[in-house]
> 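Following this message is one structure expressed as structure tokens.
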Amino acid sequence: MSKIDIRYPDDTRKSFEKGLAAGEILASWKKDAVKDAVAARLNDRLIDLSSPVTENGTIDAVNVNTPEGVGVLRHSISHVMAEAVQELFPNVKVTIGPSIEDGFYYDFDYESTFTPEDLKKIEERMAEIAAKDAPFTRREVSREEAVELFKKKGEPYKVELINDLPADVKTVSLYTQGDFTDLCRGPHIPATGKIKAFKLLNVAGAYWRGDEHNKMLQRIYGTGFATPKEMAEYFVFIEEAKRRDHRRLGKELDLFQINEEVGPGLIIWHPKGAMLRTIIEDWERKEHFKRGYDIVLGPQILRDHMWIRSGHMDHYKESMYFTEVEKEGYGIKPMNCLSHMMIYKSKIRSYRDLPLRYFELGTVHRHEKTGVLHGLTRVRQFTQDDAHILCTPEQLNSEIVAIADFVKYAMGIFGFEYEVELSTRPSNSIGSDRDWEMATAALEESLKGNRMVYDINEGDGAFYGPKIDFKLKDALKRKWQCATIQCDFALPERFDLHYIGADGEKHRPVMLHRVILGSIERFIGVLIEHYAGAFPVWLAPVQAILVTVTDSQIPYGEEVYRKLLDIGVRVEKDFKNEKLGHKIREAQLQKIPYMLVIGDKEVASGTISPRQRDGKNLGAMTVDALVDLIRGKCSRYE
RNA sequence: GCCGAUGUAGCUCAGCUGGUAGAGCAGCUGAUUCGUAAUCAGCAGGUCUGGGGUUCGAAUCCCCACAUCGGCUCCA
């Protein structure tokens, strides 16, 4: 037997007989190294604790309290769920079951449907399997052997998966626990006894291999944790997230409604929501002027031939609404770019004019499929903080960098963290290969030049060009695209845009489509959840509310009210015949930043006593002092 | 669009196996005039999402539509 040399994370080294199990190698390093371990990492590869180690390298334990470790645990729980499901429902066909953020799922093909009672039964069966402490065992077989095995078991999906593996894959690995064997890369926990806390959450439809042309399977979602305590904490988080849900807060704070009678995906902004939106839009206009944008406005409907020329008719028709005016077909705009290009085309442009930056708070309509609508974040009519920048190819990079800076600044203002993705050419696209390469390279170089961290999203670009997407997360960690920068060589070509260069010749400009907040509706949705409805003073639709202790202070209260309104403070009054505690509570539930208490003392001294939303009492102060306080909190945003 | 669940007063929700609808909060009226998260009493409020059907009788059972919720696909 030959020897292997092993290095541990603390740089101690040992040598072992080749083929010793990873778990044993770890155990001989530190006594408790495998106590919380669910797998091992050998040279950056995850393996089972029971896997024989046959090569030199660095080894470490993967503990269940790490993100990777809990992923292994959840993946193993999904196998246990599949075992339980097959025992309870023998004609179910298994497909795939990975771990995901916060849990796991497994997709099954089953002619009937799983009910909540079924989930309960499955859960009980899983607990029994866990109690058995059955070991997970791995074996490698040839792909032919695996195909035979799954054919015999009557598992066509598994057979399809194996058959679709690349030709150079000669063997596959199988994992067995109890009587259940699954095609799986692994690794897995040593035995089902490691499963201490799990819960099945819900059933949902999911297409086989994520393709809507394929059969719809039934996906069971669940979650699992190292300990019941961690799982309890997770459910507390879920409850908190539900309290932050913008659809709930939108109702409670009286910001907006979506009315069935009016139509799905259409937002009706109530006074407070409209105020919030106005504040954001005013801020945006100002920020755009600072950065050299021109404000423009285009019509809501444009003749069909415009959409034919742009390619929307070929590539976007099913998402558009159409209408007819005097027998002439019109398309309701789903994007703002066409009008902006017509502005560009309205006269001859010189290279000296570029870049031109046209900004519009443009309202667009998109016919979203019914199942995708979601509060403010996925709607059928929305307003974009849209701009189109027409520039020379040489100016592209600095313009993209400037936009990325703008995004960074804006997200800083609202306190958002975000992720960046570069989306490349989709299958259904217009434009030449060369233009796509140039456009993609321009975006990528700007990201790299700015040392931004980003992921690549293959084939997810717009039909006219690649894009950089900036994604924000909502309270339930769902990601929403807000800002985006799209590089477009195709539309300037289609609309024959040009400028006169220094050489006196015509040249083609490049167009950048970009939004900073994206859809204002969506952004506000995410913003509501981000602040849990407790908006900072500069954004709060109501900044302060006057509350009287008794009716006798009403005349003074009215005086203060008029003064604050006049100064421009967004103030309300609550002079109802209720006890102070009642009014404080109502203002608190409305998350108003300042409650201005007026009792006899305040009337006598010509003051108000502000109580902050956080419960802190600021004591009596003059109205002027309060105004200074509020203005101080808003100054950064003016 | 697809899969599943849900749809009762302005809001949150009860309403068992079919026997003609109930609470809390909000609203209105009155009493009370009170110092930092709910004062008391009374009143009013519903074609039980809509449309068909089964039945002597439907909020309850069946079918269809619409909407919402959770996913899938798609997407700002």
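Letters go in sequence order (proteins before strands), and every chain restarts at 1.
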> For residues 405-420 of chain A, which side-chain N or O atoms pair as donor and acceptor with protein atoms under 3.5 Å away, sequence neighbours left out?
| unit_1 | atom_1 | unit_2 | atom_2 | d |
| --- | --- | --- | --- | --- |
| A:Glu419 | OE1 | A:Lys479 | NZ | 3.0 |

> Does anything in residues 584-605 of chain A form a salt bridge (Lys or Arg N to Asp or Glu O under 4.0 Å)? List the pairs, not counting sequence neighbours.
A:Lys576-A:Glu586

> Residues of residues 584-595 of chain A with any non-hydrogen atom less than 4.0 angstrom from an atom of RNA chain B: list those, numerically ordered, please.
A:Ile584, A:Arg585, A:Gln588, A:Leu589

> Sequence neighbours excluded, which residues qualify as salt bridge (Lys or Arg N to Asp or Glu O under 4.0 Å) partners of A:Lys583?
none

> Rounding to the closest angstrom, what is the interatomic distance between B:G24 and B:A14 at atom P?
16 Å

> Quick check on RNA chain B: between A:Ser552 and A:Arg611, whose nearest nucleotide comes earlier from the 5' end?
A:Ser552

> Give every residue pair that meets the salt bridge (Lys or Arg N to Asp or Glu O under 4.0 Å) criterion with at least one member in residues 609-618 of chain A, sequence neighbours excluded.
none

> Does the ring center of A:His374 lie less than 6.0 Å from the ring center of A:Trp480?
yes

> If you take atom types as modelled and just measure distance, does the side chain of A:Glu368 reach the base of B:A76 with a donor-acceptor pair under 3.5 Å?
yes

> When the C1' atoms of B:G50 and B:G7 are compared, how many Å lie between them, rounded to an integer?
11 Å

> With the criterion being N/O to N/O and under 3.5 Å, what pairs connect the protein with nucleotides 3-5 of chain B, and how long is each?
| unit_1 | atom_1 | unit_2 | atom_2 | d |
| --- | --- | --- | --- | --- |
| B:C3 | O2 | A:Gly205 | N | 3.1 |

> If a stem is a run of at least 3 consecutive Watson-Crick or G-U pairs, both distances under 3.5 Å, which stems include RNA chain B?
B:1-7 with B:66-72, B:10-13 with B:22-25, B:27-31 with B:39-43, B:49-53 with B:61-65

> What's the closest nucleotide to the A:Thr370 side chain, out of B:G1, B:A76, B:G70?
B:G1

> Among residues at least two apart in sequence or on other chains, which ones pass salt bridge (Lys or Arg N to Asp or Glu O under 4.0 Å) with A:Lys579?
none

> Just to be sure I understand the rule, does A:Arg219 reach a base, reach only the sugar-phosphate, or reach nothing, if contact means heavy atoms closer than 4.0 Å?
sugar-phosphate

> Scan for salt bridge (Lys or Arg N to Asp or Glu O under 4.0 Å) pairs involving residues 544-557 of chain A, sequence neighbours excluded, and state none if there are none.
none

> Which residues in residues 249-265 of chain A have a heavy atom closer than 4.0 Å to any atom of RNA chain B?
A:Lys251, A:Glu260, A:Pro264

> Please determine whether a side-chain nitrogen of the Lys or Arg among A:Glu558 and A:Lys573 lies less than 4.0 Å from a carboxylate oxygen of the Asp or Glu.
yes

> Strictly by salt bridge (Lys or Arg N to Asp or Glu O under 4.0 Å), give each pair with a member in residues 366-381 of chain A just once, sequence neighbours left out.
A:Glu212-A:Lys369, A:Glu368-A:Arg378

> The criterion is salt bridge (Lys or Arg N to Asp or Glu O under 4.0 Å); which residues satisfy it with A:Glu529, sequence neighbours excluded?
none

